[in-house]
Amino acid sequence: MADTSFIDWPFFDDPHRAYLAELSAWCAAHDAELRAETTDVNADCRHLVRLLGEAGILRNAVPAAYGDTAERVDVRTLCLTRQTLAYHAGLADFAFAMQGLGSGAIGLFGSEAARAAYLPKVATGEMIAGFALSEKEAGSDVAAMAMTATKVEGGWRLNGEKTWISNGPIADLLTVFARSGEAPGARGISAFAFPTATEGFSVTEVIDVIAPHPLATIRFDDCFVPDDHLLDEAGQGFKIAMATLDMLRPTVGAAALGFARRATDEAMARATTRHLFGAPMADLQLTQAALADMALGNDASALLVYRAAWAKDKGQPRITREAAMAKLYATDTAQQTIDRAVQLFGGAGVVSGNIVERLYREIRALRIYEGASEVQKVVIARAAIADFQSGTTQ
Ligand SMILES: Cc1cc2nc3c(=O)[nH]c(=O)nc-3n(C[C@H](O)[C@H](O)[C@H](O)COP(=O)(O)OP(=O)(O)OC[C@H]3O[C@@H](n4cnc5c(N)ncnc54)[C@H](O)[C@@H]3O)c2cc1C
C-alpha cells in the first residue's frame, strides 16, 4: 500500500489532496493501459498522450485560459502528477512531463499569438511537445550551442542540429534554442516556438536507450519561424531555458520519487512474504536496515521536492537552489533505493519484466538530463556561497 502521508504536510492545500485522491484512483483503474507496451514506443507514447489528454490530466501542464483553471502552472500539481504516474508507468510520466517541458517556455515567455495557437492543443494532447536545447557539443555546456537563428524579413531562419531530443520523432511542437548572436556565449541565444510541420525540419537519427522512449537527433535546414514565435526578446534564450528548468527540475525529483516509492512497495511486499532461514526476510535486521534507508530516502526526497514546488507556487520568482537540491537528492536517492530493491529480490530482481528491473533502467537517465547531478552540485554551491557572502546565513 503506497504511503501517502506526505499529502497532509503543510506544503499542500485541500485541492491538492482531492486531486491526488482522484488521480490515484484514475491511475489504479487504468494501470494495465498505462503499463501496456508494444514494440513501437512512438505509438505507445502517442497513445498515452491521447489517454492523458482525454482524462484532463494534461491540462495541468499548461497555464490558465489554455487548459488549467489556475492562473499559472501549479508546480505542486505537476509534481503530484509526475510522482503518481511514475509510480505506475515511466512512459506515462514521460508523456505528461514532455507536454509541460515542451510548452513551459511558451507559457512563460510566448507571445499571445503563440500561446493561443499551441497551448490549448498541448493541453488536450492534440499536439505533442518537445524541448530542443542540447547539441552534440553542447549538453551540460549550453552556452557552447552552435545552431543558428538568423533575422530575416518577418521572422527568423533556423539552421543546425539538436540531439537527445525527447519526443523528437513524434513532436508537433518544439521549444527550440539557437544562437542569434546579440552577444557572445550565453547572452547570444534566442528561444522560439517551432511547429515541426515547418519545411526543412527532419529527424536524422532515432536513439535507442535503456528505458525506451521517443528520442532523436533532429535537423533544421533553413526553417522559417515568424516573429511572433520568438519567445520574449532576442538574446534571452539562456535565461528562458534556465527559468523553465528551474520550474521543472522539482518535477524530475517527483518522478524519481514515484519510481522510488514503487520500488519500496515492491521490496516491502517481497520482504514480508519471502521466507529466508525459516522466517520472513523482513525479520532480518540487515533487511530492516535496507527498508529503513528506503523509507527515509523517500521522505527526505519528498520534503525537498515539495519544498521547492511550494516555494515556486507561493510566488518566489526563482527557485534555482531549491530546485537543484530537489532534483539532485531525489534522483540520486531513488537510484540507491531501486538498487536496494533489486538486491532484496535476489536473482528475480534482474529478470527482464520484473518491476524493479524496469525501475532500475528507468531511473538512470534522470540523473543526467535537465542538468546532470554534478551540474546541480555546482548550482547549489554557487547559491550557498552567494548566500554566505550576502550575509543571509549565520
Ligand atoms: C534520456 C535522455 C533524454 C534527454 N532529453 C532531452 C531533451 O528532451 N531535450 C534536450 O535538450 N536534451 C535532452 N537530453 C540531453 C541532456 O540534457 C544531456 O545529455 C545532459 O545535459 C548532459 O549533456 P551531455 O550528454 O552532452 O554530457 P556532457 O555535457 O558531456 O557531460 C558528461 C558528464 O559530465 C559531468 N559533468 C557535467 N558538468 C560537470 C561539471 N561542471 N563538473 C564536473 N562534472 C560535470 C556529468 O556527470 C555529465 O553527465 C536528454 C538526455 C538523455 C540521456
Side-chain angles (χ1 to χ4, degrees), residues 41-42 45 49 61 82 86 90-91 93-106 122 128-147 158 160-179 186 189 191-194 196 203 205-220 231 237-238 240-246 248-249 251-252 255-256 259 320 323-324 327-328 331-332 335 358 360-383 385:
V41 74
N42 292 343
C45 195
V49 170
R82 291 202 64 180
L91 197 60
D93 162 58
F94 169 85
F96 173 78
M98 288 312 302
Q99 295 298 93
L101 178 62
S103 70
I106 300 170
V122 172
I128 294 181
F131 183 79
L133 180 66
S134 303
E135 299 179 6
K136 281 205 166 69
E137 301 304 328
S140 306
D141 186 4
V142 173
M145 167 180 309
M147 177 161 160
L158 305 185
E161 203 169 66
K162 295 282 174 185
T163 194
W164 304 116
I165 306 309
S166 295
N167 275 346
I170 59 170
D172 304 295
L173 171 72
L174 294 169
T175 299
V176 180
F177 297 84
R179 179 159 299 290
I189 293 170
F192 302 88
F194 180 82
T196 59
V203 175
E205 182 197 4
V206 169
I207 306 169
D208 192 16
V209 284
I210 55 175
H213 68 261
L215 191 68
T217 302
I218 55 179
R219 207 179 149 70
F220 301 77
L231 306 184
F238 186 82
I240 291 171
M242 294 308 127
T244 309
L245 291 175
D246 249 22
L248 294 172
R249 274 178 182 151
T251 78
V252 182
F259 292 147
T320 308
K327 181 183 186 276
L328 171 68
T331 56
D332 281 4
Q335 179 91 60
R358 176 174 60 74
Y360 191 77
R361 289 183 287 106
E362 273 174 337
I363 186 60
R364 192 61 187 88
L366 277 65
R367 295 172 57 213
I368 296 172
Y369 63 61
E370 294 188 37
S373 293
E374 291 78 0
V375 172
Q376 307 307 329
K377 281 192 182 160
V378 172
V379 170
I380 294 164
R382 277 196 196 130
I385 292 166

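For the single chain, residues carry numbers from 1 onward in sequence order. When a ligand or atom number is given, it counts from 1 through the structure's own listing order. Side-chain atoms are counted along with the backbone in the values below, which use heavy atoms only and exclude waters and symmetry mates.
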Taking all heavy atoms of Arg249 and all of Glu370, pick out the closest pair and write down the distance.
NE-O, 2.8 Å
Look at atom 2 (C) of ligand 1 and say which protein heavy atom is nearest, naming residue and atom and giving the distance to 0.1 Å.
Tyr369 CD2, 3.7 Å
Donor-acceptor pair, distance only, cut-off 3.5 Å: does the side chain of Thr196 make one with the backbone of Ala171?
yes
Measure the distances from the heavy atoms of His213 to every atom of ligand 1 and state whether one is below 4.0 angstrom.
yes
for atom 20 (C) of ligand 1, nearest protein heavy atom and its distance come out as Ile368 O, 3.6 Å
Is Val209 in contact with ligand 1, taking contact as a heavy-atom separation below 4.0 Å?
no
At under 4.0 Å between heavy atoms, is it the side chain or the backbone of Glu370 that contacts ligand 1, or both, or neither?
backbone
Compute the ring centroids of Phe131 and Phe177, then answer whether they are less than 6.0 Å apart.
yes
Search all heavy atoms of Val203 against all heavy atoms of Pro169 and return the closest pair with its distance.
CG2-CA, 4.1 Å
Which one of Val122, Asn42, Asp172 satisfies the side chain to side chain contact (heavy atoms under 4.5 Å, CB included) criterion with Ile128?
Asp172
Give the numbers and elements of all ligand 1 atoms closer than 4.0 Å to a heavy atom of Ala365.
1 (C)
Looking at CZ of Arg361 and CZ of Phe259, how far apart are the two atoms once the value is rounded to the nearest 0.5 Å?
11.0 Å
Pick one of side chain, backbone, both or neither for how Leu133 approaches ligand 1, counting any non-hydrogen atom pair under 4.0 Å.
both
Nearest protein heavy atom under 4.0 Å from atom 11 (O) of ligand 1, yes or no
yes
protein heavy-atom neighbour closest to atom 41 (N) of ligand 1 works out as Val378 CG2, 3.9 Å
Closest to atom 29 (O) of ligand 1 among protein heavy atoms sits Ser140 OG, 2.8 Å
Side-chain donor or acceptor of Thr175 paired with backbone N/O of Gly102 under 3.5 Å:
yes
On a heavy-atom basis, I'd like to know which of Glu374, Glu135, Gln376, Met98 is closest to atom 40 (C) of ligand 1.
Glu374
Ignoring hydrogens, what is the shortest heavy-atom contact between Phe238 and Ala186? Give both atom names and the distance.
CB-O, 3.2 Å
Taking 4.0 Å as the limit for heavy-atom contacts, which would you say applies to Leu215 with ligand 1: side chain only, backbone only, both, or neither?
side chain
Polar side-chain atom of Arg179 near backbone of Met145 as donor-acceptor pair, under 3.5 Å:
yes
Considering only non-hydrogen protein atoms, determine which one is nearest to atom 9 (N) of ligand 1 and report residue, atom name and distance to 0.1 Å.
Phe131 O, 2.7 Å
Identify the closest protein heavy atom to atom 4 (C) of ligand 1: which residue and atom is it, and at what distance?
Trp164 O, 3.3 Å
Considering only protein heavy atoms, determine whether one is less than 4.0 Å from atom 32 (C) of ligand 1.
no
Within-cutoff protein neighbour (heavy atom, under 4.0 Å) for atom 38 (N) of ligand 1:
yes
Taking Ala129's backbone N and O only, do any of them form a donor-acceptor pair with Gln99's side chain (distance below 3.5 Å, no angle check)?
yes
Could you grab the distance from atom CE of Met147 to atom CD of Glu135, nearest 0.5 Å is fine?
7.5 Å
Just need the protein heavy atom nearest to atom 8 (O) of ligand 1, so name the residue and atom and give the distance.
Ser166 N, 3.0 Å
What part of Ala372, side chain from CB on, backbone N/CA/C/O, both or neither, has a heavy atom under 4.0 Å from ligand 1?
side chain
Hey, what do you get for CZ (Arg358) to CD1 (Ile363), rounding to the nearest 0.5 Å?
12.0 Å
Please list the nearest protein heavy atom to atom 17 (O) of ligand 1 with its residue and the distance rounded to 0.1 Å.
Ser134 OG, 3.6 Å
